[in-house]
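Below you'll find the structure, written out as structure tokens, and then a few comments.
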Amino acid sequence: PCVGGGLFVERILRIHSERISGNTPNERREDTLRLLEGLQLVDSSEVAVTSARKRIVIVLARLDLVDLDGEGNEGKIGLSEAEMIIESNVRCVDPLLGEWPWNEGPMLLVSRPPWLRIKDRFRGHPEGSRMRKDLSRELREFIDSEGNPRFSAIKGNVNLYRLYIERSLQISGEGGRVRLVVPSSVLREKSSLPLRKLLVESTECDSVW
């Protein structure tokens, strides 16, 4: 969720390139294909999605993992094949109100969701007050496909990162792991009490930094 401009994915690809540097050309190609085909990246911004897709292709080219001039070879993926996979696995979806566009949930979900209060999201917009109220109402009243409220931890002036925590738990596959970079205030602020209760009752936290 919240792939942004693809900076995090770029770092994954660079680590991947370092770790496969001693492998055979065919192993490097197959491992790179496996990594790309396993990605599930979304963002609510078309600009962010377009930027992420382009960044991934550029980084793959710089790491010599994509054949920009042909259909690929023993050690490289063809450009057209890489672009097809990336377009399929980097999508424009609202992570909070949309449906996860893949049948299988991720086994490892990593994100740095936006730290932004709903009331501040539309600050300065001429229709900001109405837009804030509409979004708050939509989030509070949203019902999932099974007829249940999607968000149970909404309380007070909600910061969006709290909703992303709950949504990430819903998205991840059974037995999966979630790693999120969020403010430490989630561990102490009163308005995060419902979320802490949810975390304790429905997950097994193995580490907090």
Side-chain angles (χ1 to χ4, degrees), residues 1-96 98-115 161 164-165 167-182 203-209:
C2 301
V3 67
L7 290 172
F8 179 74
V9 187
E10 176 179 343
R11 184 58 188 147
I12 289 179
L13 292 173
R14 292 189 182 280
I15 293 173
H16 164 73
S17 177
E18 293 169 5
R19 293 185 176 179
I20 64 171
S21 59
N23 294 6
T24 66
N26 185 63
E27 288 173 337
R28 290 200 298 270
R29 183 181 185 280
E30 292 304 311
D31 279 359
T32 301
L33 272 174
R34 187 178 298 111
L35 174 59
L36 292 179
E37 290 171 348
L39 293 175
Q40 296 182 354
L41 308 170
V42 306
D43 202 286
S44 58
S45 165
E46 282 280 8
V47 174
V49 168
T50 299
S51 298
R53 287 172 174 169
K54 293 186 183 221
R55 182 184 294 274
I56 293 171
V57 172
I58 291 170
V59 172
L60 287 171
R62 286 179 174 173
L63 296 173
D64 205 27
L65 297 173
V66 162
D67 178 12
L68 295 178
D69 300 317
E71 293 302 313
N73 52 45
E74 185 184 14
K76 298 181 185 179
I77 307 168
L79 177 60
S80 58
E81 183 179 10
E83 288 180 328
M84 181 178 65
I85 295 171
I86 292 166
E87 183 174 352
S88 175
N89 289 0
V90 186
R91 302 193 191 181
C92 188
V93 174
D94 185 332
L96 295 180
E99 295 301 321
W100 198 244
W102 293 277
N103 292 329
E104 295 184 12
M107 294 308 295
L108 173 62
L109 187 151
V110 183
S111 182
R112 190 284 197 191
W115 305 357
Y161 79 82
Y164 275 95
I165 294 176
R167 185 66 179 131
S168 295
L169 299 179
Q170 298 168 359
I171 291 170
S172 59
E174 184 177 354
R177 303 172 75 85
V178 174
R179 294 285 183 267
L180 297 172
V181 181
V182 298
T203 73
E204 180 180 334
C205 294
D206 59 12
S207 54
V208 177
W209 294 277

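Values below: every heavy atom of this structure, side chains too, minus hydrogens, waters and symmetry copies.
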Distance check, rounded to the nearest 0.5 Å: Glu83 atom CD versus Ser88 atom OG?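 The OG atom of Ser88 is 13.5 Å from CD of Glu83, to the nearest 0.5 Å.
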At their closest point, which heavy atom of [X] faces which heavy atom of [Y], and how far apart are they?
X      : Y      : answer
Trp100 : Arg167 : N-NH2, 4.0 Å
Ile77  : Glu81  : CG2-OE1, 3.7 Å
Gly38  : Asn89  : N-ND2, 4.3 Å
Gly6   : Arg55  : O-CD, 3.3 Å
Ser80  : Glu71  : OG-OE1, 3.4 Å
Asn23  : Arg28  : O-NH1, 2.7 Å

Hey, which of [options] is the one that makes side-chain contact (heavy atoms from CB on, under 4.5 Å) with [X]?
X     : options                    : result
Val93 : Ser44, Pro1, Pro101        : Pro101
Lys76 : Asp67, Leu60, Leu65        : Asp67
Ile85 : Val90, Ile56, Leu33, Leu35 : Leu33

Side chain of [X], backbone of [Y]: donor and acceptor closer than 3.5 Å?
X      : Y      : answer
Gln40  : Glu104 : yes
Ser172 : Leu169 : yes
Arg179 : Val110 : no
Asp43  : Val49  : no
Arg29  : Glu74  : no

Would you sort out whether Leu39 and Ile86 count as a side-chain contact (heavy atoms from CB on, under 4.5 Å), showing the intermediate values? CA-CA 8 Å; Leu39 293 175; Ile86 292 166; over 6 Å; no
Please assess Lys54 against Thr50 for the test side-chain contact (heavy atoms from CB on, under 4.5 Å), listing each intermediate value before the final yes or no. CA-CA 6 Å; Lys54 293 186 183 221; Thr50 299; 3.7 Å; yes
Considering residues at least two apart in sequence or located in another chain, which fulfil the side-chain contact (heavy atoms from CB on, under 4.5 Å) criterion with Leu180? Leu109, Ser111, Pro113, Ile165, Ser168, Val178, Val182
Please name all residues satisfying side-chain contact (heavy atoms from CB on, under 4.5 Å) with Asp94, sequence neighbours left out, ordered by chain then number. Leu96, Leu97
Using a 6.0 Å cut-off, check whether atom CD of Glu87 has over 12 heavy atoms from anything other than its own residue. no
CG of Asn103: more than 12 outside heavy atoms within 6.0 angstrom? no
Evaluate the side-chain proximity of Val42 to Trp102: yes if any heavy-atom separation is below 4.5 Å, no if none is. yes
Any non-hydrogen side-chain atom of Val181 less than 4.5 Å from a side-chain atom of Tyr161?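 Counting from C-beta outward, Val181 and Tyr161 never come under 4.5 Å.
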Working for side-chain contact (heavy atoms from CB on, under 4.5 Å), residues Arg112 and Cys2: CA-CA 7 Å; Arg112 190 284 197 191; Cys2 301; over 6 Å; no
Less than 3.5 Å apart, which donor and acceptor atoms pair up between the side chains of residues 13-22 and the rest of the protein, not counting sequence neighbours?
unit_1	atom_1	unit_2	atom_2	d
Arg14	NE	Glu10	OE2	3.2
Arg14	NH2	Glu10	OE2	3.2
His16	NE2	Thr32	OG1	2.9
Ser21	OG	Glu18	O	2.9

